[in-house]
Amino acid sequence: MEVLSPPIKPTLVLRPRTSHSDHTLLSLRSLKNPKSNLTRILRNVEAKAHIEKHVSTAATVDYGDPGWKESTRRSSRRASAFRISPMRLENYFCYSFSGLRFSLYSFYAKYGACELALLLTPLSPDFADGYPTDEEWHGYINNNDRVLLKVIHYSSPKSAGAQCIDPACTWVEQWVHRAGPREKIYFKPEEVKAAIVTCGGLCPGLNDVIRQIVITLEIYGVKQIVGIPFGYRGFSDSSLTEMPLSRTVVQNIHLSGGSLLGVSRGGPTVTEIVDSMEERGINMLFVLGGNGTHAGANAIHEECRKRRLRIAVVGVPKTIDNDILHMDKTFGFDTAVEEAQRAIYSAYIEAHSAYRGIGIVKLMGRSSGFIAMQASLASGQIDICLIPEVPFNLHGPQGVLSHLKYLLETKGSAVVCVAEGAGQDLLQKTNATDASGNIILGDIGAHIQQETKKFFKETGFPADVKYIDPTYMIRAGRANASDGILCTVLGQNASLQQGYPGNVHSIYPMFWQVHGAFAGYSGITVGICNTHYVYFPIPEVITEPKVVDPNSRMWHRCLTSTGQPDFI
């Protein structure tokens with residue numbers, strides 16, 4: 001594997017000593033041809049302005065124009081390339097010179113006006129024996145590979161789950177960058193100091209991810225790997241020291257739940273974090289967290305850009321709720337759905353064994369009901385599923401309580417599954433927030449339990465109501481087989497086969513983020529989109545949470561499984 005700085009086909013990054021307002025990519029030919037150099041700069045500036053124009057006017061498409069579709073298609077491609085393309089470090093640092101295959105030292109002597117950003121070197125010899133040559137290995141990802149953001153061509157806006165950009169639901173392609181190992185890398189591994197930080201709440205699989213990041217970094221040849229304890233707080237709290245990480249340290253941490261590094265919410269300012277990173281000499285930061293954590297990671301990335309620091313900031317979406325925009329699934333979600341089955345089964349047994357029994361299970365899901373929906377589908381024992389995306393009434397002839405009365409009269413028992421963010425309009429609102437800035441939700445599960453007991457007491461019909469909240473038992477658990485495979489199989493293949501970064505090209509995003517950092521990407525997060533692994537610019541996935549579409553086929557399947565009516 002060759003060390004370089006992309007994009008296109010460069011092998012070296014050079015930074016002019018004098019300041020330049022435009023960081024257009026240049027070829028070696030442009031050094032010898034100033035006219036060609038100027039022409040390229042002007043063309044790039046013009047192209048950037050054209051893209052920005054299309055981005056800003058995309059929302060004002062004239063659908064009456066017969067040629068709008070082709071125009072929008074072209075604009076979408078340009079806009080997607082501008083908006084969804086991952087940021088690379090050299091894009092805002094310096095000029096890139098392609099085709100260089102001679103001594104860097106002689107080049108430095110010849111072009112003394114530039115300073116070397118990095119040196120071409122092979123991987124550490126510790127990992128060189130038995131590796132295939134680049135000519136023999138065909139597992140690299142081309143920088144121009146793309147993955148479709150949307151794969152269904154909806155023929156009508158009335159189709160289940162239809163996502164349309166115009167009244168006729170016309171198909172327009174949108175693309176995102178494919179993730180994976182690149183043939184040419186940006187950083188010299190021996191000079192990298194990589195840091196890993198886990199923020200927010202616990203989630204099954206955190207240790208699996210930490211383990212795989214460390215193993216992959218060592219395969220690349222990185223010698224300095226540290227963990228920042230207790231989230232962003234570890235950057236500023238003098239009582240918390242960074243934890244040296246190695247394969248020996250992390251070898252078995254995936255056998256337990258939680259996070260080896262600990263988690264916390266909140267922390268110091270972005271300026272303090274970047275100051276700390278500079279002092280520690282960190283030039284790769286891997287951030288594991290949800291939307292709030294990713295917003296912080298993006299702010300860190302922007303601050304590094306302002307300071308012109310060569311630091312790659314890469315995120316791994318960690319949310320048990322599976323509510324990250326554009327992504328098929330995040331790690332920990334499958335474990336949460338599986339562990340929720342235990343609580344649902346217990347609620348069913350309690351309800352089924354009691355005279356006129358009702359079991360209520362509250363599951364995670366602040367703004368998205370994916371866990372409650374999938375757990376209800378998987379169990380086949382849920383009679384009522386309540387999620388944040390679908391409003392409902394408790395009282396009244398069409399309310400949840402009336403349906404519970406019907407279920408007791410016809411079945412003798414009932415089981416309710418409710419997401420924690422559901423029905424918040426039924427509770428007293430509060431402006432209180434947690435350390436991450438999230439509004440503290442009311443306990444909808446306890447509220448339904450109390451209202452159910454009150455309702456049946458007032459009607460004179462007895463009901464035995466049991467309430468189960470397994471939230472912290474699920475969060476702190478070890479990743480199940482599905483999430484374990486997601487986090488570890490690729491790492492096992494790398495170590496048991498040839499241990500070559502080019503070989504880690506299989507099935508999960510934890511390795512992809514290391515590849516992304518070494519490729520010089522920053523301000524990105526990694527995930528699955530339409531079953532393929534891709535790089536997303538962080539701003540694209542934190543604009544809003546992904547939610548259950550009440551018109552989707554999956555929610556309709558859940559309604560068919562429960563048999564519940566509309567509660568409005």
Side-chain angles (χ1 to χ4, degrees), residues 15 87-89 92-93 117-118 186-202 206-207 209-210 213-214 217-218 220 222-246 249-250 259-318 434-437 513-514 516-518 520-526 538-539 542:
R15 180 175 66 243
M87 174 61 70
R88 277 186 164 165
L89 295 176
Y92 55 87
F93 274 125
L118 53 109
Y186 182 83
F187 287 96
K188 181 179 179 181
E190 291 84 351
E191 295 179 355
V192 167
K193 180 176 181 180
I196 306 170
V197 60
T198 55
C199 306
L202 290 178
L206 276 172
N207 280 335
V209 180
I210 294 170
I213 293 173
V214 172
L217 287 169
E218 285 200 351
Y220 267 98
V222 177
K223 303 297 184 182
Q224 298 183 78
I225 311 170
V226 298
I228 304 299
F230 300 105
Y232 290 135
R233 188 182 306 276
F235 283 108
S236 62
D237 192 331
S238 58
S239 65
L240 301 175
T241 58
E242 61 186 30
M243 179 187 301
L245 298 175
S246 66
V249 174
V250 303
S259 169
L260 172 71
L261 305 178
V263 295
S264 73
R265 301 186 185 276
T269 65
V270 172
T271 300
E272 291 173 326
I273 292 174
V274 177
D275 286 344
S276 176
M277 290 171 63
E278 279 196 273
E279 293 173 4
R280 300 167 188 248
I282 294 170
N283 48 14
M284 276 190 193
L285 178 64
F286 299 98
V287 182
L288 284 59
N291 280 311
T293 300
H294 271 66
N298 189 62
I300 293 171
H301 160 69
E302 292 296 337
E303 180 65 19
C304 290
R305 286 187 62 189
K306 291 178 183 177
R307 301 189 190 188
R308 300 182 62 79
L309 301 175
R310 284 182 172 79
I311 298 177
V313 182
V314 180
V316 182
K318 177 232 67 172
D434 61 21
S436 296
Q513 62 155 340
V514 177
F518 264 101
Y521 288 122
S522 183
I524 64 166
T525 191
V526 191
I538 291 176
I542 63 173

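This chain uses plain numbering: 1 for the first residue, then up along the sequence. Quick caveat: nothing in here was measured; it's all calculated off a predicted structure.
Atom OG1 of residue T198 and atom CG of residue L261 lie 5.0 Å apart, to the nearest 0.5 angstrom. With values rounded to the nearest 0.5 angstrom, I311 atom CD1 is found 8.5 Å from S522 atom OG. Note that CD1 of I228 is 10.0 Å distant from SG of C199, once rounded to the nearest 0.5 Å. A distance of 6.0 Å separates OG1 of T271 from CZ of R307, quoted to the nearest 0.5 Å. To the nearest 0.5 Å, atom CG of residue N291 and atom CD1 of residue I538 are 11.0 Å apart. In this structure, T525 OG1 and K318 NZ are separated by 12.0 Å, a value rounded to the nearest 0.5 Å.
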Item to complete: Carefully, step by step, assess H301 and N298 under the rule side-chain contact (heavy atoms from CB on, under 4.5 Å).
Response: CA-CA 5 Å; H301 160 69; N298 189 62; 4.2 Å; yes
Discussion item. For a side-chain contact (heavy atoms from CB on, under 4.5 Å) check, start with the C-alpha distance between E303 and I273, then their side-chain angles and the critical distance, and finish with the verdict.
Written reply: CA-CA 10 Å; E303 180 65 19; I273 292 174; over 6 Å; no
Discussion item. Apply side-chain contact (heavy atoms from CB on, under 4.5 Å) to residues V209 and I196 and explain how you reach the verdict.
Written reply: CA-CA 10 Å; V209 180; I196 306 170; over 6 Å; no
Item to complete: Start with the C-alpha distance between Y220 and V192, add both sets of side-chain angles, then the distance that settles side-chain contact (heavy atoms from CB on, under 4.5 Å), and finish with yes or no.
Response: CA-CA 10 Å; Y220 267 98; V192 167; over 6 Å; no
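Closest approach of L240 to F230, counting heavy atoms only: CD2-CD1, 3.9 Å. Across L217 and A194, no two heavy atoms sit closer than the pair CD1-CB, 3.6 Å. Considering all non-hydrogen atoms of both residues, H294 and V316 come closest at CE1-O, 3.4 Å. Across every non-hydrogen atom of R233 and R265, the tightest pair is NH2-O, 3.1 Å. In this structure, T293 and G200 approach most closely via the heavy-atom pair OG1-N, 4.2 Å. The two residues A295 and I542 make their nearest non-hydrogen contact at CA-CD1, 3.7 Å.
Residues P244 and V249 fail the side-chain proximity criterion, which asks for heavy atoms closer than 4.5 Å. The closest side-chain heavy-atom distance from E242 to K193 is below 4.5 Å. A heavy-atom distance below 4.5 Å is not found between the side chains of V222 and M284. Between C304 and V274 there is a side-chain heavy-atom pair separated by less than 4.5 Å. Between I213 and L245, every side-chain heavy-atom pair lies at or beyond the 4.5 Å cut-off. Between I300 and F235 there is no side-chain heavy-atom pair separated by less than 4.5 Å.
Under the rule for a side chain to side chain contact (heavy atoms under 4.5 Å, CB included), T241 has no partner lying at least two apart in sequence or in another chain. A search for side chain to side chain donor-acceptor pair (under 3.5 Å) contacts involving E302 returns nothing, not counting sequence neighbours.
Side chain of Y232 to backbone of V270: no donor-acceptor contact under 3.5 angstrom is found.
A salt bridge does not link E191 with R310: none of the charged nitrogens is closer than 4.0 Å to a carboxylate oxygen.
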